[in-house]
Protein chains: 2
Amino acid sequence: MNTLSYGLLSLLSKNSRTGYELMQHIQPFWPAKHSQIYPLLAQLEQKGCVEFVHVPQSDKPDKKVYSLTDTGLKALQEWIGMPTDAPATRDEFALKVYCIGLVSKAEAMKMLVEREDYYIKRKVHYTQSFEKLVKLSEKPLEELEMDEPLFGNYVLLRKALHKLDADLNWCEWMKSKLK
Amino acid sequence: MNTLSYGLLSLLSKNSRTGYELMQHIQPFWPAKHSQIYPLLAQLEQKGCVEFVHVPQSDKPDKKVYSLTDTGLKALQEWIGMPTDAPATRDEFALKVYCIGLVSKAEAMKMLVEREDYYIKRKVHYTQSFEKLVKLSEKPLEELEMDEPLFGNYVLLRKALHKLDADLNWCEWMKSKLK
DNA sequence: CCTTGTTATGTCATAATTGACATATGTCTA
DNA sequence: TAGACATATGTCAATTATGACATAACAAGG
């Protein structure tokens, strides 16, 4: 079973969801299009890792709400315990920075400003997610224990925000280098 | 033309290299196997972006040394100026952290220690690369200008090392959360 | 002497991923 | 009222990426 399959099971371990919702929520972890997710869900259902109920809707198209089965949960727990491969970071921007000397300073500066804008937008987005999480949680986030459902969201959001700060600092530093 | 193709051109803009060397050096930017690189090089040669000379060797198998052509350089410069898509980060480890509550504290701690070991190894590796760079450079790295060949290496290595420090800090913090 | 590892290039089947096409309901805006 | 947008599911061709197989020369170690 591939990583995306386990990713879908990971999301389903917290909430039952439709394929459409899974597509939306898997993006930060393992971006995928619906054309990949729907067939995988069918496969997972065949294997008995997930099950679904057909939910008719009047205002919107009908949907299939998927849930994790016991089989799926066991598969998920086994996968978590397995050694994790190093992430294969594919970074187009880094490639461009690597040979940034091939373009003018003005163009290089434009690249950095655009990147910075992108980071800032992400920071705003993640900050909002963080605030939502604070409201959603019954206790202060720092007091969340590992087995509570929001723990994963909290620690990953914190990581993402720290990374964004580092990226923004790097952008500032780079811009000062180009002056 | 896909990103990996531009990645190969990026490397060739600094040095002429064999397919084998390109495979080794593209890894931090855009991991790829030789089975993907060799056919792409043939395509790039067909398009006139690269050219090669056959170099016979007595101690090792013969090799093909590829260089960037003017056509290739122009394509590369155009690509740098184009807007860059947001990186599609596929992070298996983050998925596991997301539902870490499904395993025992002992297993979770094992996961983190293994991750930390991995980060430490990378840090050692990058630190060595940094020291090599210092020796290779004629001037202090901070004084490198954008158009100098080592500039890209320097700014990216700096970025990578800062990111590793952040990752290591996060691991420490997570470990303290699990106690 | 044999196995393993490094250098070096290549092909091919399979798997993973994307982009396009397809359908259907409802809302909101020009 | 026509077009765009969000929800919702699905298929299929094409592209991208991996893993296995193939060949070959030399070095190093057991």
Side-chain angles (χ1 to χ4, degrees), chain A residues 1-9 11-12 15-47 50-66 79 85-92 95, chain B residues 1-9 11 15-47 50-66 85-92 95:
Chain A
M1 224 158 50
N2 61 25
T3 309
L4 179 54
S5 299
Y6 287 109
L8 298 175
L9 298 185
L11 296 190
L12 291 176
N15 295 302
S16 293
R17 289 190 183 282
T18 67
Y20 191 82
E21 287 173 323
L22 286 169
M23 178 199 63
Q24 294 174 316
H25 290 89
I26 199 74
Q27 296 306 321
F29 298 105
W30 201 273
K33 318 282 174 185
H34 72 276
S35 51
Q36 197 180 7
I37 289 172
Y38 289 129
L40 271 188
L41 281 171
Q43 275 180 44
L44 287 169
E45 202 253 325
Q46 281 282 310
K47 283 176 190 155
V50 301
E51 55 192 13
F52 70 89
V53 281
H54 196 94
V55 178
Q57 296 186 118
S58 51
D59 54 332
K60 283 180 264 182
D62 297 353
K63 61 186 181 181
K64 288 176 170 185
V65 177
Y66 286 87
W79 168 73
D85 286 342
T89 323
R90 292 200 159 89
D91 193 340
E92 188 176 0
L95 271 170
Chain B
M1 223 157 49
N2 61 25
T3 309
L4 179 54
S5 298
Y6 287 110
L8 299 176
L9 298 185
L11 296 190
N15 295 302
S16 293
R17 289 189 183 282
T18 67
Y20 191 81
E21 287 172 323
L22 286 169
M23 177 200 63
Q24 293 174 317
H25 290 90
I26 199 76
Q27 297 306 320
F29 299 104
W30 202 274
K33 316 285 175 184
H34 72 275
S35 52
Q36 197 181 4
I37 289 173
Y38 289 129
L40 272 189
L41 281 172
Q43 275 180 43
L44 287 169
E45 201 253 325
Q46 281 280 310
K47 283 174 190 156
V50 301
E51 55 191 12
F52 70 89
V53 280
H54 196 93
V55 178
Q57 296 186 120
S58 53
D59 53 331
K60 284 180 260 180
D62 296 353
K63 60 186 182 183
K64 288 177 169 183
V65 178
Y66 286 86
D85 287 340
T89 322
R90 292 200 159 89
D91 194 340
E92 188 176 2
L95 271 170

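Note that the coordinates shown come from a computational prediction; the quantities given were computed from them, not determined experimentally. For the numbers below, each heavy atom of this structure counts, side chains included, while hydrogens, waters and symmetry mates do not. Residue numbers begin at 1 in each chain, while the letters A, B, ... track the order of the sequences.
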*Asks:* Heavy atoms under 4.0 Å, any strand shown: does B/Gln24 hit a base, just sugar-phosphate, or nothing?
*Replies:*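 Here B/Gln24 touches the backbone only, sparing every base.
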*Asks:* How long is the line joining CG of B/Asp62 and P of D/dC26, in whole Å?
*Replies:*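 Rounded to whole Å, this separation is 11 Å.
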*Asks:* Whether B/Gln36 contacts D/dA17 is assessed here as follows: a side-chain N or O lying under 4.0 Å from the phosphate OP1 or OP2. Is that the case?
*Replies:* yes
*Asks:* Working to the nearest 0.5 Å, report the span between CD of B/Gln24 and CD1 of B/Ile37.
*Replies:*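 If we round to the nearest 0.5 Å, B/Gln24:CD and B/Ile37:CD1 are 9.5 Å apart.
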*Asks:* Measuring from atom OH of B/Tyr66 to atom CG of B/Leu9, what distance do you get when rounded to the nearest 0.5 angstrom?
*Replies:* 12.5 Å
*Asks:* Between atom OH in B/Tyr6 and atom C1' in D/dT15, what is the gap in whole Å?
*Replies:*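 Atom-to-atom, B/Tyr6 to D/dT15, this comes out as 16 Å.
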*Asks:* Measuring from atom CG of A/Leu11 to atom CZ of A/Arg17, what distance do you get when rounded to the nearest 0.5 angstrom?
*Replies:*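 Answer rounded to 0.5 Å: 6.5 Å.
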*Asks:* DNA chain C: B/Pro61 or B/His34, which has the more 5' nearest nucleotide?
*Replies:*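 Its nearest nucleotide being more 5', the pick is B/Pro61.
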*Asks:* Can you measure A/Asn2 atom CG to D/dT16 atom C1' for me and round it to whole angstrom units?
*Replies:*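 For the pair A/Asn2 CG and D/dT16 C1', the rounded distance is 15 Å.
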*Asks:* For B/Tyr38 and D/dA22, what is the distance between atoms OH and C1' respectively, to the nearest whole Å?
*Replies:*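 B/Tyr38 atom OH is separated from D/dA22 atom C1' by 13 Å.
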*Asks:* Looking only at non-hydrogen atoms, find the nearest pair between A/His54 and A/Pro56 and report the distance.
*Replies:* O-CD, 3.6 Å
*Asks:* Taking A/Arg90 for the side chain and B/Pro31 for the main chain, is one N or O donor matched with an acceptor at less than 3.5 Å?
*Replies:*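 Indeed, once roles are kept as given, a pair shorter than 3.5 Å links the two residues.
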*Asks:* Nearest 0.5 Å, please: how far is OH in B/Tyr38 from NZ in B/Lys64?
*Replies:*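 Answer for the NZ-OH pair, B/Lys64 versus B/Tyr38, is 9.5 Å.
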*Asks:* Check the distance between D/dT23's P and B/Gln57's CD and give it to me in whole angstrom.
*Replies:*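 It works out to 22 Å between those atoms.
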*Asks:* I'd like the 5' and 3' limits of the part of DNA chain C contacted by chain A, with heavy-atom contacts below 4.0 Å.
*Replies:*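 Nucleotide range with atoms under 4.0 Å of chain A: C/dA16 to C/dG26.
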*Asks:* Base, sugar-phosphate, or nothing: which does B/Ser35 touch, judged by heavy atoms less than 4.0 Å apart?
*Replies:*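 B/Ser35: base contact, heavy atoms under 4.0 Å.
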*Asks:* Of A/Trp30 and A/Ser58, whose closest DNA chain C nucleotide lies nearer the 5' terminus?
*Replies:*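 Closest to the 5' end, via its nearest nucleotide, is A/Trp30.
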